Amino acid sequence: MPIPSPLHSRTAALCHTHEWRDWSGYLAAGTYQTSHEVEYFAVRNAAGLLDASPLYKYELRGPDAGRLVNRLLTRDVSKCKIGQMLYSPWCDEDGYVIDDGTLGRLGKDHYRLTAADPSLRWLQDVGYGLDVDLRDVSTELAALALQGPNSRAVLQEIFPNLPLNSLRYYWLLQTEFEGSPLTITRTGYTGDLGYELWLPAELAPKLWDRLMETGSRYGLHPLGLAALDMLRIEAGLILIEVDYTSSLHAHIPAQKSTPYEIGLGWAVTEGKADFIGQRALRAHKQPVKQLVGLKVSWPEMEREFSKVGLPPQVAGRSSRIPVPVYAKGRHVGQATSLVFSPILKTYIALATVDSAYAQPGTTLDVEITVEYVRSQAGAQVIKPPFYNPPQKKGVADG
Amino acid sequence: MAKRYDAIIIGGGHNGLTTAAYLARAGLSVLLLEQRSLLGGATVSEEIYPGFKYSVFSYVVSLLRPEIIRDLQLPKHGLTILPLESTITPLPDGRYIYRGPDSHETFRNISKFSPRDAEAYREYGQAMYQMAKAVKYILGIRPPDPTSFHPRELLALLKLGQHFLGLGEENIYTLVKLMTMSSADFLEEWFETDPLIATLSASGIIGTFLGPRSPGSAYVLLHHYMGEIDGVFRAWGFQKGGTGGVAEALASSARSLGAEVRTDAPVAAVLNRNGRATGVVLQSGEEIEAGLVVSSLDPKLTFLKLVDPEQLPGDLVTAVRNFDTYGSSGKVNLALDGVPDLSCLPGNGPHLRGAISISPSVDYIERAYDDAKYGRFSRRPYIDIILPSMIDPGMAPPGKHVMSCFVQYAPYDLAEGTWDDQREAFGDAVVDTLSEYIPNLKQLILHRQVLSPWDIERTIGMTGGNIFQGELSLSQLLFLRPAPGYAQYRTPIQGYYQCGSATHPGGGISGAPGQLAAFEILKDLRK
Amino acid sequence: MSRSIDVIVIGGGHNGLSAAAWLAKTGRRVLLLEARPNLGGAAATEEVFPGFHFNTGAPDAGLFHPGLAGELGLHKYGLEFIKNDVAAFAPLADGRGLTLWRDAERSAMEIAAFSADDARAFLPFYQRTQRFAAVLGKMAALQPFALRANSLRVLAGWGRLALSLRGLGGRDMMEFLRVLPMSAAHYLNEHFEAEALKGLLAYPSTIGLMQGPRASGTAFMMLYQQMGQANGAYRSSLLPRGGVGRLSAALAAAAQAHGAELRTNTPVASILCEDGRAVGVRLGDGEEIRAKSVLSSADPRRTFLGLVGGPQLTPRFSRRLRSLKLRGSTASVHLALRGLPDFPAAAGDANRLKGAIVISPSLDYAEQAYDDAKHGRSAERPVLEARIPSLLDPGLAPSGQHTLSILVRYTPYKLAQGDWESEGERLGDLAVNTLAEHAPNLKSLVSNRHIITPLDYERIYGLTEGSEMHGQMGLDQLLLMRPTPGFIGYRSPIEGLYVCGAGGHPGGGLTGLPGWLAARQAAREMR
């Protein structure tokens with residue numbers, strides 16, 4: 001049975017649907033209100049607040065902390081300045097992705113890493129022989145994600161003295177809340193302007209209350225996982241165990257992926273110091289499959305559904321049931337995350353397809369089910385993200 | 001006057017029944033002979049104490065091959081396997097490790113001891129899943145003869161080699177480790193929490209005369225991971241109504257396929273003429289003719305008692321004499337007046353619907369083994385407990401419970417005294433040990449049944465009381481089980497076959513030896 | 001600095017020296033670095049007390065591969081083995097003694113005094129073990145196969161071995177496969193009844209293993225110890241004139257004659273790696289020396305976790321190194337004696353004392369000694385193997401006086417309580433007292449005593465955890481699992497770095513094979 005997160009007293013009071021999901025063993029609200037679209041649009045137009053505490057978090061300190069994370073991640077951590085963050089996957093010895101997450105550099109020899117899966121054992125083994133104090137802070141540290149175009153205004157009102165206007169995308173600020181350290185990172189999983197707030201679990205409800213109270217004047221809504229999933233697909237952000245399988249949990253070799261195969265080739269830095277999987281990745285550079293975005297042709301959807309006298313039936317929520325993707329009748333991959341984008345008014349998907357079909361502009365066919373019968377609709381390959389507003393990376397002043 | 005059968009099966013355990021059913025299914029006229037009045041061998045349930053049903057010997061089902069369940073339509077004949085989903089290890093200091101069906105809860109529970117181990121546990125499960133996949137193939141083949149130059153055997157060897165190499169590098173290493181290491185050593189490569197290692201390693205000693213630090217015990221661990229229920233590997237289950245229900249389902253299936261099943265019919269000898277089996281003679285003197293005879297008994301009975309060893313090649317007789325059937329396990333069955341209370345987790349709860357493992361440390365089990373090595377039963381034994389009535393209320397009167405305790409070690413040969421005078425002392429040691437973890441146990445006990453290896457041998461005939469009909473050691477596996485050159489279910493006497501747990505792939509309620517033997521017999525008959 | 005070096009060999013034990021000598025002979029420029037002031041490592045004869053020369057590590061050199069000795073022409077450099085009729089002598093508590101001779105028939109006559117059946121069984125047993133040991137000998141001299149990237153040459157070698165295995169004939173081949181994974185106790189129990197004989201024969205089966213004779217896989221070790229010539233069913237235990245150290249001296253002389261440079265007092269601080277490739281070493285004084293390849297005869301854990309460093313290794317490899325089972329369990333006690341001790345059980349025949357004097361009177365005795373160690377204690381009743389090499393080679397001690405070296409088992413490296421700093425002297429007393437039970441005048445003859453604990457073997461001789469085998473030789477650490485899974489031949493995951501010590505195939509014992517085979521592998525890849 002999932003257990004309450006540090007924010008459960010607050011989320012439970014708001015979760016009118018009683019729709020709970022299991023996120024890493026914690027109760028996480030699927031939707032708070034009858035319509036998840038309210039939450040979705042809150043993030044796209046105003047602001048949303050997500051309890052992200054179930055993320056796994058690790059703190060690394062010590063003279064070799066930088067060496068450890070640089071050995072772990074495929075990106076070059078030596079370039080990461082104090083106060084900066086980066087997103088990166090990490091791989092096993094054979095170059096297959098184990099997990100992905102964000103790394104923040106809090107001090108000269110002080111880093112914080114987030115992960116989707118428990119990663120202490122891997123971190124310990126990567127750091128074997130290094131002088132690093134490695135701590136699992138998953139339960140002691142809560143995380144709140146404040147996302148959406150109004151998020152800066154909400155936060156600024158609570159912390160009037162913080163230079164939020166100049167906090168750049170993937171940078172962080174360290175401050176205090178109620179006398180305890182609070183880290184504000186300009187990161188998120190929605191593809192919009194947004195911040196993640198990291199603080200001791202016991203203080204999290206208090207900060208939640210402040211945010212909700214202040215946010216009520218800015219259109220802030222609590223954000224559940226149903227809307228989050230739609231937002232992240234639009235943003236082209238992949239999800240472990242949905243869009244790829246961790247190499248530690250793959251049943252067969254074919255289920256494993258290199259970073260090049262899940263759209264993270266950009267995060268493998270050439271010429272950086274030795275990292276786990278580097279040698280193998282040199283040989284894997286030409287991926288056999290690749291992660292792409294698919295825009296499904298609406299006219300074709302209409303055509304297929306009109307054959308049975310229906311308008312296109314598309315679930316309002318995202319779907320994580322993989323469907324096959326074809327090229328001229330030949331199976332060339334699968335779409336793993338699908339959603340009808342309310343803002344783009346398009347049926348979109350993240351898909352993994354054979355490299356030969358991964359060029360943007362390529363036309364493929366996605367399996368759809370029309371009144372119990374399998375059919376296909378054309379889809380165009382694009383390079384994610386589908387939605388990328390200027391405020392995501394933009395800085396208000398400077 | 002007397003009817004002549006196509007086949008006579010000696011022994012009504014689950015393997016004998018499986019062979020009988022498969023042969024009957026192929027159209028043979030089959031007679032199965034069981035010495036007891038009860039079918040099942042070690043797979044029986046008995047109401048020893050009024051109102052309480054004991055799964056007297058075998059107490060869990062996981063290894064039963066799904067193919068057999070389907071082929072013989074066992075659910076139609078009453079097979080109902082209820083899931084056993086958890087294991088709790090109570091510790092002397094009042095802590096416990098509870099591992100249940102919720103992986104996150106298990107993760108949190110193990111984390112209290114070691115976050116590293118909690119993570120490793122999932123990866124370990126993954127590795128074992130790979131291993132169960134790897135051995136599934138081996139469970140379904142007749143072991144090839146590596147000394148033969150016959151193209152069939154060379155091909156079978158080649159296929160086995162290909163299967164092995166096809167597993168991938170890391171899986172091969174893991175498999176080699178499982179074949180050669182001690183279960184404690186193997187697990188210590190994954191975990192650091194001693195009680196977790198102890199509890200997992202206990203699967204490596206069940207039924208064997210090995211300790212968790214004895215090389216070879218990792219293989220037994222693997223053997224217990226071969227279980228598969230509904231396509232899920234490593235799943236454990238419990239037969240509704242008790243383990244005997246499995247035998248009843250097999251018998252019912254066999255009968256519906258036309259087999260005759262006779263109980264109270266102990267066989268004295270297998271008759272043979274000119275090197276060919278012709279039937280059996282019962283202890284009553286009755287002779288029954290048959291085209292072929294299949295023994296599901298252990299090899300010492302099959303080769304040294306049912307036939308005259310003088311007729312057999314000297315090599316085989318030596319091998320059978322050397323075949324290790326040393327028993328090391330006992331069983332204590334209790335009828336309880338109420339719900340036992342674990343001091344670490346009082347009250348009723350899901351933890352009582354799974355296994356309770358008295359295995360607080362590797363050293364604890366090793367000390368239990370040290371006792372046994374020199375001919376004493378363990379004063380503080382390893383105990384694997386289940387409460388069948390928690391899962392199936394029909395096993396005991398309302399509100400009351402049956403408790404099945406599998407105990408190690410109980411060595412077949414005692415250095416001092418005999419099992420006849422030590423039996424109750426052994427039972428006391430078990431109850432005393434249990435009482436340290438279950439304080440209210442003694443007040444609840446209405447009835448106690450204690451079974452030593454001698455009792456197993458006397459009641460159901462397994463020589464030495466070894467629950468696998470022979471140690472699962474590398475030198476007694478595959479083409480060496482039960483004897484080099486006789487591992488393909490045949491014997492030097494034409495028309496005389498073996499189908500018991502002492503043949504490949506070994507013990508546990510799998511039915512696999514019985515099924516593979518039937519296939520070999522049918523091959524010989526070109527059916 | 002003026003001339004570039006092809007190969008650096010780390011460690012001047014017999015394997016390092018074998019590798020250096022062979023590589024130098026084939027024209028490579030070789031530099032060998034030894035941390036200690038003297039060469040030889042655990043194959044050394046040291047003048048511990050003035051005039052008294054002790055074999056401080058290995059007690060003999062009977063397993064040294066004759067092919068390598070011949071290729072290097074070691075006899076030219078002073079290697080000469082002393083003929084010896086005695087394999088082992090076991091004085092017993094009841095005053096009797098049992099001697100095993102090189103001549104098996106003579107041994108059988110001795111055994112007859114204990115059991116006529118055993119005497120009859122001994123010759124066939126001896127002959128069979130000789131055949132099996134010969135196959136193992138062939139296997140030991142082969143380049144180990146890997147799961148990938150085997151060269152045709154390696155495959156052909158193993159193909160030939162498979163043929164010679166089949167050449168044993170079907171019956172023997174099966175028996176070979178059956179026996180290898182067995183325990184020595186089980187195997188011996190199948191053949192013999194006299195505990196004195198079984199205890200004695202079992203001694204070599206646990207050399208270098210933290211296991212008792214009941215552990216499966218010890219039958220393999222028993223055969224492995226008989227790979228060399230003149231073993232008398234006990235173990236190949238020939239002694240070079242001048243002590244075991246003469247072997248190392250001859251190897252060193254051969255290496256130098258071919259131009260190798262051997263530097264003593266030169267500890268290596270680290271192995272230099274660039275981009276995953278070994279390019280040289282850094283010495284304790286900071287000097288860096290570069291070479292095309294590096295061969296390390298240090299044990300694998302020291303080589304990789306110590307000299308290469310954890311941060312250069314992948315998690316998978318470093319996990320494997322950490323779970324490498326080293327587990328030294330032997331200490332030694334070296335006595336300077338004023339005269340020859342009197343063993344009444346030898347009945348005045350000093351010849352019987354020329355081999356190994358073994359205190360291992362029964363399988364249970366040895367097992368109980370192991371039980372102590374298993375629980376972290378030094379054995380209360382230790383198993384001993386004593387040698388008086390000065391009987392064969394009077395030059396090792398002043399005239400009329402003797403050297404007595406005792407290997408003491410089981411002495412676990414990791415003690416549950418106390419430490420080896422304080423336990424050493426107690427161990428010395430225990431060893432002397434135990435032996436003195438069979439040689440009453442022993443204590444009065446002792447003029448000096450030198451104790452080497454497992455901790456000393458680690459600190460002084462560089463054997464991590466005191467493991468003389470660089471990784472115990474259980475079935476899980478042999479062949480493709482040696483030194484850890486993932487090696488191809490002797491090639492480590494660090495390019496250009498080879499393991500050439502006992503950690504590599506075939507393993508421990510003074511065979512010279514790991515050094516020779518690793519040198520050949522390195523040479524092929526250097527071209």
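Not measured: the values here are computed from a predicted model.
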**Q** Does atom CD1 of Ile252(A) have more than 12 heavy-atom neighbours from other groups under 6.0 Å away?
**A**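 Atom CD1 in Ile252(A) is crowded, with more than 12 foreign heavy atoms closer than 6.0 Å.
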**Q** Donor-acceptor pairs under 3.5 Å, chain A to chain C, main chain and side chains both?
**A**
| from | atom 1 | to | atom 2 | distance (Å) |
| --- | --- | --- | --- | --- |
| Arg71(A) | NE | Pro311(C) | O | 3.1 |
| Arg71(A) | NH1 | Pro311(C) | O | 3.1 |
| Arg71(A) | NH2 | Pro311(C) | O | 3.3 |
| Arg71(A) | NH2 | Leu313(C) | O | 2.4 |
| Glu93(A) | OE2 | Arg316(C) | N | 2.5 |
| Asp94(A) | OD2 | Arg316(C) | NH2 | 3.0 |
| Asp125(A) | OD1 | Arg322(C) | NH2 | 3.2 |
| Asp125(A) | OD2 | Arg319(C) | NE | 2.3 |
| Asp125(A) | OD2 | Arg319(C) | NH2 | 2.8 |
| Arg279(A) | NH2 | Gly276(C) | O | 2.9 |

**Q** Side chain, backbone, both or neither: which part of Leu305(C) has a non-hydrogen atom closer than 4.5 Å to chain A?
**A** side chain
**Q** side-chain hydrogen bond (donor to acceptor under 3.5 Å, both in side chains) with Glu140(A): which residues, sequence neighbours excluded?
**A** Arg135(A)
**Q** Under the ring-ring contact (aromatic ring centres under 6.0 Å, His included) test, which residues partner His249(A), sequence neighbours left out?
**A** none
**Q** Which residues pass the side-chain hydrogen bond (donor to acceptor under 3.5 Å, both in side chains) test with Glu241(A), not counting sequence neighbours?
**A** Arg122(B)
**Q** Do the side chains of Lys57(A) and Glu59(A) get close enough for a salt bridge, i.e. N-O under 4.0 angstrom?
**A** no
**Q** Under 6.0 Å between ring centres, would you say that holds for Tyr87(A) and Tyr170(A)?
**A**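 They do not qualify: ring centres at least 6.0 Å apart.
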